[in-house]
Amino acid sequence: MTASSTAAPSSRRLLLTGAAGGLGKVLRQTLKPHASLLRLSDIVEPQAPQENEEVVVCDLADKAAVDQLVKGVDAILHFGGVSVERPFEEILGPNISGTYHIYEAARRHGVKKVIFASSNHVVGFYKQSETIDALAPRRPDGYYGLSKSYGEDLATFYFDRYGIETLSIRIGSSFPEPQNRRMLCTWLSYDDLTQLIVKGLETPNLGHTIVYGMSDNPTVWWDNRLAAHLGYEPKDGSARFVDKVEAQPPVAADDPAALYHGGAFTAQGPFEEA
Ligand code: 15L
């Protein structure tokens, strides 16, 4: 039997998928104090294991491999899969089948908590003039956003049917600093992302909670009051980057980057056969 994910970090065994990716590499460092063991997986080999780490190469599209991957952990931080807009065929295995495999393995092995790296692209087609909360109907802006939307549906289903709890973090733009005007609104610092994950691990009765992953930015399009039970208090904000970003050339008013929550993602595709 696995320990509860709300257990003290000294006895918390975490699986991090996508550990060789941009956010995965950051979380590998920042989550160290919050886990007794970090099992790090990716489709490409993550860096060699350090103390209290295990490294596993795993294709999320391989159901049997994912089943083995999940065995013996207390909670899963699911950050693996394709993280940008791509043709449906490239998204299907890692993101859609892969997330299903994660939940099935969680069910089979009695893992009761998942932190799911969802994305703002599940609501990417809202206009930047609109502010929405987690109850707003989803408006995915591409196949990537659709796969995250499906992941959120899996989270709801596996809670209702099997009691597996999930925090879906609709990550805005998690980079060292905001890279453009849109990201002044969507930016999520690495420290605030880490705080959200830890809140997700420690909050009891999570059910399926959806939270927008953003720092305390001067302008935001998302309302997190429905996730108040997490007690998330962002410590960073994009205000200190405003001057630097606004020195960039202006963006045309009809550019998707200036129109939609999802920015340029809303204008990608179609992906025709060669
Ligand atoms: C995402 O979901 C992507 O993974 C990331 O690369 C960024 O593009 C981000 O959204 C964003 O919207 O800025």
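We're numbering straight along the sequence, starting at 1. When a ligand or atom number is given, it counts from 1 through the structure's own listing order.
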Checklist entry - Closer than 4.0 angstrom: is that true for some heavy atom of G172 and an atom of ligand 1? => result yes

Checklist entry - Nearest protein heavy-atom contact for atom 10 (O) of ligand 1: which residue, which atom, what distance? => result H121 NE2, 3.1 Å

Checklist entry - Does N120 have a heavy atom less than 4.0 Å from any atom of ligand 1? => result yes

Checklist entry - Can you find an N or O of T186 that's nearer than 3.5 Å to an N or O of ligand 1? => result no

Checklist outcome for this item: among protein heavy atoms, the one nearest atom 2 (O) of ligand 1 is Y144 OH, 2.7 Å

Checklist entry - Does K148 have a non-hydrogen atom less than 4.0 Å from ligand 1? => result no

Checklist entry - Could you go step by step and tell me if W187 and F241 meet the ring pair (Phe, Tyr, Trp, His ring centres under 6.0 Å) rule? => result CA-CA 10 Å; W187 188 57; F241 301 105; 5.3 Å; yes

Checklist entry - Taking it one step at a time, do R39 and E53 satisfy salt bridge (charged side-chain N to carboxylate O under 4.0 Å, His left out)? => result CA-CA 6 Å; R39 183 174 297 162; E53 290 183 345; over 6 Å; no

Next on the checklist: Can you classify the ring geometry of F271 versus Y143 as parallel (below 30°), tilted (30 to 60°) or perpendicular (above 60°)?
Outcome noted: tilted

Item to check | Closest protein heavy atom to atom 13 (O) of ligand 1, given as residue, atom name and distance to 0.1 Å | outcome: S173 OG, 2.6 Å

Checklist entry - Identify the closest protein heavy atom to atom 3 (C) of ligand 1: which residue and atom is it, and at what distance? => result S83 O, 3.1 Å

Item to check | Centroid separation H121 to F265 less than 6.0 Å | outcome: yes

Checklist outcome for this item: A student checking ligand 1 against F265 at a 4.0 Å heavy-atom cut-off should list atoms 8 (O)

Item to check | Within one Ile-Leu-Val-Met-Phe-Trp-Tyr cluster: I115 and L196, side-chain cutoff 4.5 Å | outcome: yes

